**Student:** 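Quick one: the structure is below, questions incoming.
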Amino acid sequence: MLYLLYFIVILFANTVGAVSGMGGGVIIKPALDAIGAHPLNVIGFFSSAAVFTMSIVSIIKQVRGGFQISWQRLLAIAFGSIIGGRLGDTIFNILMSLYKNPDKVQLIQIIITVITLGLSIWYTYDPSRKQLRLAGLFSFFIASLALGVLSTLLGIGGGPMNVALFIALFGASTKQATVYSIITIFFSQLSKLTSIVLAGSVAAGSSSFLLVILPAAVIGGYVGSALNQRMTNKAVNRTYLIITASVILLNIVNGVRLFL
């Protein structure tokens with residue numbers, strides 16, 4: 001039953017994540033927290049594995065669908081995301097060592113997540129807000145670095161913040177920001193997964209869940225990216241706002257549960 005529940009969560013999260021550029025982790029992390037079947041570090045691993053798989057499928061689908069990105073921007077995003085991913089994972093491990101109770105680390109994650117998602121909604125809700133329209137490669141590097149830190153530290157893939165930041169800094173449309181977001185997620189989660197595998201920090205008994213998580217991630221990534229290509233910017237933006245608001249509510253519920 002737990003395997004089926006995980007499959008449904010991953011499938012839904014990655015479908016919506018690929019549509020809106022949120023990456024799925026922003027739903028997977030609090031949903032698996034709410035289920036409570038695995039410890040915090042294992043949930044983070046499952047979330048990273050799912051959104052990393054989804055990002056591969058989505059990027060392939062978007063490129064085949066005609067989306068074009070310059071190699072220079074791709075490299076800037078890649079380096080920023082990889083370095084940010086390593087930094088975020090390091091900060092997470094430091095927090096886990098400082099606080100012996102994982103609930104305290106989870107509460108820190110929830111607070112930061114709610115604040116950043118709230119700011120993302122505030123900005124994205126009004127498309128007339130000022131956009132900086134930066135174009136330099138260094139700007140893409142710094143933005144991806146910051147997003148890589150947040151995505152791995154919070155264990156959510158970082159999608160909602162990615163989309164809002166790419167719109168604000170570079171004047172991208174919601175659909176363009178979605179693809180940039182997924183590329184950032186790919187490299188930041190690649191960095192995190194590499195460090196997890198090399199450290200051997202996930203219990204071997206948990207690996208069986210990947211047999212349902214990875215197929216669900218592939219299906220969700222394919223279906224979501226296909227829907228994204230058919231939807232208007234307005235529809236993608238509405239999906240993004242609805243899901244982000246729902247995730248904020250779920251995180252608040254999880255935060256309250258820590259005190260009960």
Side-chain angles (χ1 to χ4, degrees), residues 11-28 51 54-74 76-77 80-81 113 116-137 139-140 143-144 146-147 150-151 156-188 217 219-249:
L11 177 62
F12 172 75
N14 277 3
T15 299
V16 173
V19 168
S20 60
M22 291 171 28
V26 72
I27 300 173
I28 296 167
V51 297
M54 179 280 301
S55 67
I56 295 173
V57 176
S58 297
I59 290 170
I60 293 173
K61 182 71 174 172
Q62 292 285 358
V63 170
R64 287 180 175 176
F67 184 86
Q68 295 182 338
I69 181 173
S70 71
W71 283 104
Q72 291 89 345
R73 286 185 178 181
L74 180 62
I77 291 173
S81 301
T113 299
T116 53
L117 293 187
L119 290 173
S120 298
I121 286 183
W122 172 78
Y123 184 85
T124 312
Y125 182 77
D126 184 1
S128 65
R129 295 193 193 280
K130 184 178 179 180
Q131 298 175 347
L132 297 180
R133 298 186 178 276
L134 302 175
L137 296 181
S139 301
F140 274 90
S144 301
L147 293 171
L150 280 176
S151 68
I156 62 172
M161 293 84 78
N162 296 1
V163 172
L165 197 64
F166 279 120
I167 292 173
L169 295 183
F170 306 108
S173 68
T174 304
K175 293 184 73 171
Q176 288 175 326
T178 295
V179 181
Y180 287 140
S181 171
I182 291 173
I183 293 172
T184 303
I185 289 167
F186 169 80
F187 286 108
S188 64
I219 297 170
Y222 184 86
V223 173
S225 55
L227 290 172
N228 174 274
Q229 292 174 350
R230 290 168 173 76
M231 293 168 66
T232 63
N233 268 309
K234 185 176 181 179
V236 172
N237 195 52
R238 186 183 300 116
T239 302
Y240 168 86
L241 292 171
I242 292 172
I243 297 300
T244 304
S246 301
V247 171
I248 289 176
L249 180 60

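Along the sequence shown, residues are numbered consecutively beginning with 1. Because the structure is a prediction, the values reported are computed rather than measured.
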**Student:** For residues Ile167 and Ser173, report the shortest heavy-atom separation together with the two atoms involved.
**Tutor:** CG1-O, 4.3 Å
**Student:** For Ala143 and Leu169, work out which heavy atoms get closest and say how close.
**Tutor:**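 Closest heavy-atom pair between Ala143 and Leu169: CB-CD1, 4.0 Å.
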**Student:** Can you tell me how far apart CD1 (Ile77) and CD1 (Ile185) are? Round to the nearest 0.5 Å.
**Tutor:**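 Reported value, rounded in 0.5 Å steps: 11.5 Å.
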**Student:** Does Ile219 reach the side chain of Val57, with side-chain heavy atoms less than 4.5 Å apart?
**Tutor:**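 Sidechains of Val57 and Ile219: no contact.
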**Student:** For residues Gly220 and Ala18, report the shortest heavy-atom separation together with the two atoms involved.
**Tutor:**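 Minimum heavy-atom separation between Gly220 and Ala18: O-CB, 4.1 Å.
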**Student:** Under 30°, 30 to 60°, or over 60°: which ring-plane class applies to Phe166 and Tyr180, parallel, tilted or perpendicular?
**Tutor:**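 Tilted, since the angle between the ring planes falls between 30° and 60°.
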**Student:** Taking all heavy atoms of Ala177 and all of Ala172, pick out the closest pair and write down the distance.
**Tutor:** N-CB, 4.0 Å
**Student:** My understanding is that only one of Asn14, Thr184, Ile183, Ile182 makes a side chain to side chain contact (heavy atoms under 4.5 Å, CB included) with Ser55; could you say which?
**Tutor:**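 Output: one option passes, namely Ile182.
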**Student:** Calculate, to the nearest 0.5 Å, the distance between atoms CG and CD1 belonging to Asn237 and Ile242 respectively.
**Tutor:**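 Atom-to-atom, Asn237:CG and Ile242:CD1 are 10.0 Å apart.
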**Student:** What I'd like to find out is whether the side chain of Thr239 reaches to under 4.5 Å of the side chain of Leu227, using heavy atoms alone.
**Tutor:** no
**Student:** Given Ile27, which of Thr15, Val16, Thr244 fulfils the side chain to side chain contact (heavy atoms under 4.5 Å, CB included) condition?
**Tutor:**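 Only match with Ile27 under side chain to side chain contact (heavy atoms under 4.5 Å, CB included): Val16.
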**Student:** At their closest point, which heavy atom of Ala13 faces which heavy atom of Ile28, and how far apart are they?
**Tutor:**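 Between these two residues, the closest heavy atoms are CB-CG1, 3.5 Å.
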**Student:** Side chains of Leu74 and Phe187, heavy atoms from C-beta outward: is any pair under 4.5 Å?
**Tutor:**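 Touching, per the 4.5 Å side-chain cut-off.
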**Student:** Check ring-ring contact (aromatic ring centres under 6.0 Å, His included) between Phe12 and all other residues, then give those that pass, not counting sequence neighbours.
**Tutor:**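 Scan of Phe12 (ring-ring contact (aromatic ring centres under 6.0 Å, His included), adjacent residues dropped) gives none.
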**Student:** When you compare the side chain of Tyr240 with that of Ser120, does any pair of heavy atoms fall below 4.5 Å?
**Tutor:** yes
**Student:** Using modelled atom types only, decide if a donor and an acceptor are shared between the side chain of Ser225 and the backbone of Gly221 within a distance under 3.5 Å.
**Tutor:**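 Confirmed, Ser225 side chain pairs with Gly221 backbone.
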**Student:** Who pairs with Val236 by side chain to side chain contact (heavy atoms under 4.5 Å, CB included), at least two apart in sequence or on another chain?
**Tutor:** Thr174, Lys175, Thr178, Asn228, Met231
**Student:** Is the side chain of Gln229 donor-acceptor paired with the backbone N or O of Gly66 at a distance under 3.5 Å, no angle test?
**Tutor:** no
